[in-house]
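Both ligands and their constituent atoms are indexed starting at 1 by order of listing. The model shown is predicted, which means the values in this text are computed figures rather than measured ones.
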Amino acid sequence: MQKEDNLKEVISHAKEYGFVFPSSEIYDGLSATYDYGQLGSELKNNIKSYWWKSMVQMHDNIVGIDSAIFMHPTVWKASGHVDAFNDPLIDNKDSKKRYRADVLIEDHIEKYIQKIDKEVKKGIKRFGDDFDVEQFKATNPNVLRNKAKIEEIEERMRETLGKNDLEGVYNLIVDLGIVCPISGTKNWTEVRQFNLMFSTELGSVAGDAAKIYLRPETAQGIFVNFLNVQKTGRMKIPFGIAQIGKAFRNEIVARQFIFRMREFEQMEMQFFVRPGEEMKWYEYWKDQRIKWHNKLGLGEDNYRFHDHVKLAHYANAAADIEFNFPMGFKELEGIHSRTDFDLKQHEEYSGKKLQYFDPELNKNYVPYVVETSIGLDRMFLAVLSSSFKNETLEDASERAVLSLPPALAPYKVAVMPLTRKDGLPEKAREVLDTLKYDFNCQYDEKDSPGKRYRRQDAIGTPYCVMIDHQTLEDNTVTIRDRDTMKQDRVSIEELRGMISSKVSFMTLLK
Ligand code: ATP
């Protein structure tokens with residue numbers, strides 16, 4: 001299946017089964033905003049729980065907060081967002097489509113990465129297990145040529161974007177011969193900067209005096225509460241503060257479903273460390289985060305690290321974890337070493353000391369910060385798109401299945417009576433009542449068992465429990481596994497333990 005078609009299928013499946021709807025759909029929707037439906041919000045909550053538990057519950061030196069979306073406007077002056085939270089935009093005069101100039105260039109670089117991958121795959125196919133990928137990459141002339149090209153482009157990106165040289169960015173696009181994917185022409189406008197923050201007015205006063213912003217990241221809510229949490233929680237460095245919450249960005253281009261939205265959710269953790277120790281913690285968190293992803297079993301090949309070409313104004317090291325989305329490898333999470341930039345800026349703008357007294361060193365300092373920042377909606381898309389499959393079964397029939405990691409599935413178990421008579425529905429309700437305190441369950445008695453199983457496969461329910469006539473005699477039921485489609489006969493008493501061992505968050509956290 002073509003990757004683009006795969007995205008379309010995921011979008012229509014998400015809508016058909018109540019995962020994601022276009023926002024205000026009866027008014028034809030609002031661009032780049034989406035609503036999560038009855039199953040989507042369950043899946044989203046489960047992703048949040050997995051992140052929160054692994055950060056807060058599994059680390060005794062990390063605590064969580066929930067700060068307000070509205071913040072004092074000076075926060076955004078201090079953080080640099082008012083002056084520098086910009087994206088360079090460029091328009092194609094023929095298609096009238098707008099693009100982010102840096103993304104156009106990155107997409108161009110991706111073509112060279114694909115060429116290298118293709119060469120490597122050819123080698124693996126030819127030489128099998130004996131093939132030394134690293135050596136091949138270091139010596140093959142085609143690979144080296146493409147690598148050199150990538151380095152040359154990245155160097156020019158660093159030069160131009162780093163110095164805010166917009167004409168240089170334009171020249172780079174022209175020199176690379178980048179064409180508009182829609183019109184196919186090189187008829188570009190100049191490159192302009194565009195601030196991504198949404199603003200509104202506080203209270204009844206209009207005008208600049210009352211101008212406030214919808215937060216473009218959750219991190220600043222953590223920085224301004226650094227001392228509150230440290231003091232009240234008696235936290236000792238190193239320690240972290242985690243937060244899940246909405247963020248808003250007036251994105252220039254927002255075309256890829258929930259990948260790039262104007263209102264989205266972030267899961268961020270700021271880890272406060274001793275100055276000079278930030279690189280150790282930066283590596284530690286890169287390792288921890290990729291482990292968190294790999295535990296889900298979405299396929300280790302679907303992830304790759306990408307070091308930032310252009311560092312943000314606050315960072316001294318930064319890498320992205322990219323995921324193989326239906327549109328290709330794109331940023332899913334960022335791990336940034338933010339130095340003491342933010343706390344120092346807030347000290348300066350607020351006039352308040354934001355320092356930590358380190359009893360071991362017997363001195364005060366402004367801590368350094370390593371942050372992990374992941375988009376909840378992008379994680380949702382990663383989970384949904386990689387779990388979605390159309391399978392052809394042995395009997396040539398087809399099934400759409402979401403092989404979601406069981407701990408994340410909206411429903412853990414569907415309880416079904418074989419028929420709607422002979423007391424089976426009543427017995428099924430009884431079984432449901434024993435399970436519903438531990439698991440999110442669905443009761444389903446409509447249509448044939450086969451149809452019901454397909455429905456549950458399509459929404460990713462890991463287990464279906466069928467109550468039949470034998471159940472009335474010996475209190476046993478059949479339990480069907482979503483992935484293997486195998487059915488086993490077990491006693492009702494065993495169900496809770498069996499299901500729990502497969503769907504519990506413990507399977508992911510241990
Ligand atoms: P991009 O380069 O794709 O615009 P970014 O580097 O600006 O992303 P960060 O500021 O590092 O993103 O934000 C941290 C995380 O928040 C990202 O890794 C991503 O998962 C998520 N995120 C950022 N912007 C959006 C958006 N518009 N819609 C959905 N998620 C987003």
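A ring-ring contact (aromatic ring centres under 6.0 Å, His included) with F272 is found for exactly one of Y356, F239, W281, Y365, namely F239. Under the side chain to side chain donor-acceptor pair (under 3.5 Å) test applied with Q220, the options E268, H346, H81 reduce to a single match, H346.
Residue contact check: R260 has heavy atoms under 4.0 Å from atoms 1 (P), 3 (O), 4 (O), 26 (C), 27 (N), 28 (N) of ligand 1. In the vicinity of M261, heavy-atom distances shorter than 4.0 Å reach the ligand 1 atoms 26 (C), 27 (N), 28 (N), 29 (C). Within the listing of ligand 1, atoms 18 (O) sit less than 4.0 angstrom from a heavy atom of E333. Close contacts of ligand 1 with E251, meaning ligand atoms under 4.0 Å from a residue heavy atom, involve 24 (N), 26 (C), 27 (N). Heavy-atom proximity to S373, at under 4.0 Å, picks out these atoms of ligand 1: 13 (O), 14 (C), 15 (C), 18 (O).
A cation-pi contact, defined as under 6.0 Å to the ring centre and within 45° of the axis, is absent between K77 and Y349. With a 6.0 Å cutoff to the six-membered ring centre and a 45° limit on the axis angle, R378 does not count as a cation-pi contact of F323.
Nearest protein heavy-atom neighbour of atom 19 (C) of ligand 1: R378 NH1, 3.5 Å. Of all protein heavy atoms, the one lying nearest to atom 29 (C) of ligand 1 is F259 O, 3.2 Å.
Heavy atoms of L332 approach ligand 1 to within less than 4.0 angstrom.
Checking only distances, I258 never comes within under 3.5 Å of ligand 1, N or O to N or O. An N or O contact shorter than 3.5 Å links G375 to ligand 1 by distance.
Residues H59 and W285 place their aromatic rings such that the two centres sit under 6.0 Å apart.
Heavy-atom proximity to atom 24 (N) of ligand 1, evaluated over F264, F85, F323, F248, is greatest for F264. Considering Q256, E331, M379 only, the shortest heavy-atom separation from atom 11 (O) of ligand 1 involves E331. For the residues R100, Q266, H336, the heavy atom positioned nearest atom 16 (O) of ligand 1 is part of Q266. Heavy-atom proximity to atom 10 (O) of ligand 1, evaluated over E217, E265, R249, is greatest for R249.
Side-chain atoms of N92 and T185 form a donor-acceptor pair, as typed in the model, at a separation below 3.5 Å.
Ring pair F380/Y36 is perpendicular by interplanar angle, where above 60° counts as perpendicular and below 30° as parallel. The aromatic rings of H293 and Y303 sit tilted, their planes meeting at an angle between 30° and 60°.
Taking 4.5 Å as the limit, some side-chain heavy atom of F248 sits within range of a side-chain heavy atom of I69.
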